[in-house]
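These notes concern the structure reproduced below.
Nothing here was measured: the structure is a model prediction, and the numbers come from that model. In what follows, every heavy atom counts, from backbone to side chain, and hydrogens, waters and symmetry copies are set aside.
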Amino acid sequence: MFLHNNFSNTLQVAAIFILEFNRISMKNPLQGILLLIVTLFSLTITAQDTFSDTFSSVSYANNNGTQSWSTNWLEFNDNSDPSDGYIRITGGELRFHFIWDENIRRSADLSSYATASLSFDWRTSSLEAGETLIIQISSDGSSFTALDTFAGNQSGTFDQDISAYISSNTTIRFSKGGSDWSGNNDRAYIDNVTITTTSAPATDTDGDGIGDNVDLDDDNDGITDEEEYCSTINTSFLTSANVGERSVIINHTDTGYLRLDFSSMDNSFQLDINGSTIHPSVLEFENGALDAGDEYFVFQSDGSFISQPWSANSNGIPRLRLIVNEYGEINLYGSRTTSSTTLELMEAQGGTSFNTIPWTPGNNNTFTVTNQAGPGPEGFTGELFARAICDTDGDGISNELDLDSDNDGIFDIVEAGVLNEGGVADANNDGRIDGAIAGSGSNGLFNAIEDVDTEYALLSYSIIDSDSDGSYDAYILDADGDGCNDVREAGFTDNNNDGYLGPNPVTVNANGLVTSGSDGYTAPADNNSNTTYDYREIGSAPSISAQPTNTATCPGCTTSLTATVIADQFQWQYYNGSIWTNLSDGGIYSGTTTNTLTITGPTSNENNTQYRLLTSNNGYICGTTTSDVATLTLQVNSIITNRRITYRVNKN
């Protein structure tokens, strides 16, 4: 068995195991062998590799990690000499001096790895306002995304997950990030550039190449994972006032995801979760308002401060959004101005990372949001959304991985309404958006239904909630709230009327689709042909305002039975002495499928026959309305005229 040379923890476990194996084997050889077998099948080993350059020698070909870079450092618009030029290696660091158009990049083949992170040490010297050094990344070597900028006279350590950019040509690039550097003493230094990778298999449920830990839509059904979580609480916050430090405390059980949206922030906050703060420092957003224990938070792309965070955004998006995902990882986003239409990633100006919050299933969680005292008014407004990772239908597949989250036989992709959006289809009827593997960019969310292809993307469509009760159609069994379960209104079989497709017990496959039903997962019914699925529109059984009444006629005469009712379908029946039987036009009957039954020329066989009318509406399969029973009685005439001679007949 080959173990990678990087595994200090694994080797330590192995050493302990060998000692224990030897001790047991000496006493009981068979027990030792069993221990060996069990241990070999129990150990999970995660391989870790590094691509690194410590600039220990003046060369653009240094490989100081466990793996080699796929290219050397490549200079552009400079002299490509590691010992000379505006970009060079000196004093064991990569130095940038008086940068205008010069940049430098290097690539690594990360295609065989599941996760990757980029880290390096940095320091800046004499960079004036607007002058920055920027670190960028690309998965194709041509289209680059900014990760961070560095300015002023500062130093720190950069460390960021770059798993979303894993490819055979992952490329990092350093260049100026703002204005041309104007001074001869403008400098920046980079050292210990390292890409750390792991090759442990990453879960990618939908096979789109984006691991579930960074995928915004793990099952490609067009509903973001955040929207598929449940057990939501939300709490409003504090209005601005000059009253000193204040806190809001919220409790929630079984939290597995947290989103904190601020519509205004004046001008700092800290979030404590079960006694642990999300960041070592208080998060400060107003330039010039830094207090002891605070750290400025700025936009990652250019180091700018958010503009007037105490004022709401006119487009309805938050000024700040903090997310703690299901893995306890934290990200912060902001709307740059009051008129911005998108959110952008923010970070601590000094590069200090957020803490990781461990979620414990089933536990109560206490969230304390604190607004620190300042020199003027302070306060914040917004909402906290705490959600649990949930499994609505209890089939063992959590909603964000389940293609039919309520087991009603209707795909979530259909119930969400995303198929109504331009460029979105499911022609192969598998419950996933067609083309999502190639068309979901770096965040795993289909490009046609998001505002930007970033980890903070927002859906560009509204998920359907047919009865406006706050629960999306995909997670409730009666989406329109009309008392008729969706599985039946869709035209599928529900053997025991429990709202689930097919009989009990329900069995599902790995995607959460019911396999124990006899139908389902086809286009839902639209029986009234109005282009709205029946399960989405409120329906009801007809209401009869005037019932048919008993009637008497003579043999050979004509009579009728009528009900006053508005309905789509009518069916007259008669009672044959044991069961009710449908009538059809022909013989003595006409109008058998209207609200008026006409009887022409009845005979003594029809005397005392009982009739009733069944009515229904096409858009409501769950109910019919049955009229009162009306009885036909035959009576002979008491006066008979024949050849101008009139006879009176004894009625008896």
Side-chain angles (χ1 to χ4, degrees), residues 50-65 67-108 117-138 141 144-160 162 165 170-196 298 300-304 347-353:
T50 57
F51 300 77
S52 184
D53 191 344
T54 62
F55 306 104
S56 54
S57 63
V58 182
S59 168
Y60 281 159
N62 294 326
N63 284 289
N64 303 119
Q67 299 294 317
S68 296
W69 298 80
S70 57
T71 69
N72 295 335
W73 287 103
L74 303 175
E75 285 187 1
F76 288 78
N77 303 317
D78 204 357
N79 60 9
S80 297
D81 184 349
S83 63
D84 188 34
Y86 295 106
I87 303 174
R88 66 176 72 176
I89 297 174
T90 180
E93 296 174 300
L94 180 64
R95 191 194 74 176
F96 298 82
H97 165 230
F98 204 39
I99 298 298
W100 287 10
D101 298 323
E102 300 81 8
N103 66 79
I104 192 169
R105 66 192 69 182
R106 198 170 193 184
S107 302
S117 63
L118 171 66
S119 64
F120 53 83
D121 298 323
W122 60 271
R123 61 188 179 94
T124 56
S125 176
S126 301
L127 295 184
E128 290 85 12
E131 299 176 351
T132 61
L133 180 71
I134 189 170
I135 173 62
Q136 298 171 305
I137 193 164
S138 172
F144 285 85
T145 299
L147 296 180
D148 206 347
T149 57
F150 313 99
N153 291 277
Q154 302 182 73
S155 63
T157 297
F158 174 90
D159 190 347
Q160 187 169 323
I162 58 169
Y165 302 94
T170 301
T171 304
I172 61 173
R173 180 173 72 180
F174 291 96
S175 66
K176 72 169 187 180
S179 305
D180 291 344
W181 296 11
S182 59
N184 192 48
N185 61 342
D186 293 343
R187 287 178 171 80
Y189 301 86
I190 300 296
D191 196 6
N192 300 317
V193 175
T194 302
I195 295 177
T196 303
V298 294
Q300 187 186 80
S301 61
D302 60 6
S304 297
E347 65 173 5
Q349 190 180 63
T352 311
S353 300

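The aromatic rings of Phe174 and Trp73 sit tilted, their planes meeting at an angle between 30° and 60°. The aromatic rings of Phe98 and Tyr86 are tilted relative to each other, their planes meeting at an angle between 30° and 60°.
Put simply, OH on Tyr165 and CG on Leu147 are 6.0 Å apart, with the number rounded to the nearest 0.5 Å. In this structure, CG on Asp101 lies 6.5 Å from CG on Asp180, to the nearest 0.5 angstrom. One distance of note links CG of Asn103 with OG of Ser175; it measures 5.5 Å at 0.5 Å rounding. Here Arg173 contributes atom CZ and Thr145 contributes atom OG1; the two are 10.0 Å apart, rounded to the nearest 0.5 Å. Separating the CD atom in Gln154 from the CG atom in Leu127 is a distance of 9.5 Å, to the nearest 0.5 Å. Here the straight-line distance linking atom OG of Ser155 with atom CZ of Phe150 works out to 11.5 Å at 0.5 Å rounding.
Residues forming a side chain to side chain donor-acceptor pair (under 3.5 Å) with Glu102 (at least two apart in sequence, or on another chain): none. With sequence neighbours excluded, the residues satisfying side chain to side chain contact (heavy atoms under 4.5 Å, CB included) with Glu93 are Arg123, Tyr189, Asp191. Remark: Ser138 engages Asp140 in a side chain to side chain donor-acceptor pair (under 3.5 Å) (not counting sequence neighbours). The salt bridge (charged side-chain N to carboxylate O under 4.0 Å, His left out) search around Asp148 returns none, not counting sequence neighbours. Judged as a side chain to side chain contact (heavy atoms under 4.5 Å, CB included), and not counting sequence neighbours, Ser179 has no contacts. In this structure, the salt bridge (charged side-chain N to carboxylate O under 4.0 Å, His left out) partners of Arg106, at least two apart in sequence or on a different chain, are Asp53. In this structure Ser52 satisfies the side chain to side chain contact (heavy atoms under 4.5 Å, CB included) test together with Thr54, Asn64, Thr194, sequence neighbours excluded. Applying the side chain to side chain donor-acceptor pair (under 3.5 Å) test to Asp302 and every residue at least two apart in sequence or in another chain returns Ser304, Arg336. Every residue two or more places apart in sequence or in another chain that forms a side chain to side chain contact (heavy atoms under 4.5 Å, CB included) with Ser126 is listed here: Asn153, Asn185, Asp186. Residues satisfying the side chain to side chain donor-acceptor pair (under 3.5 Å) criterion with Arg187, sequence neighbours excluded, are absent altogether. Annotation: salt bridge (charged side-chain N to carboxylate O under 4.0 Å, His left out) contacts of Asp159 (sequence neighbours excluded): none.
Asn62 places a side-chain N or O within donor-acceptor distance of the main-chain N or O of Ser57, the cut-off being under 3.5 Å. In this structure, the side chain of Trp181 does not engage the main chain of Trp100 through any donor-acceptor pair within 3.5 Å. Listed for the Thr124 side chain is a donor-acceptor partner under 3.5 Å among the backbone atoms of Ala151. At distances below 3.5 Å, at least one donor-acceptor pair connects side-chain atoms of Thr132 with backbone N or O atoms of Gly178.
The two residues Ile134 and Ser301 have their closest heavy-atom pair at CD1-O, 3.8 Å. When all heavy atoms of Gln136 and Ala146 are compared, the closest pair comes out as CG-CA, 4.0 Å. Considering all non-hydrogen atoms of both residues, Thr171 and Ser107 come closest at OG1-OG, 2.7 Å.
Between Ile135 and Phe120 there is a side-chain heavy-atom pair separated by less than 4.5 Å. Between Ile137 and Thr170 there is a side-chain heavy-atom pair separated by less than 4.5 Å. Annotation: side chain of Arg105 is in contact with side chain of Phe144 (closest heavy-atom distance under 4.5 Å). Taking 4.5 Å as the limit, some side-chain heavy atom of Ile89 sits within range of a side-chain heavy atom of Tyr60. Two residues are said to be in side-chain contact when any heavy atoms from C-beta on lie closer than 4.5 Å; Phe158 and Ile190 fail this criterion. You'll find the side chain of Asn184 reaches within 4.5 Å of the side chain of His97, heavy atoms only.
No side-chain N or O of Gln160 forms a donor-acceptor pair with one of Glu347 less than 3.5 Å apart.
For residues 71-85, the set of pairs meeting the salt bridge (Lys or Arg N to Asp or Glu O under 4.0 Å) definition, not counting sequence neighbours, comprises Asp84-Arg88.
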- side-chain contact (heavy atoms from CB on, under 4.5 Å) between Leu118 and Val193: does it pass, once the steps are laid out? CA-CA 7 Å; Leu118 171 66; Val193 175; 4.2 Å; yes
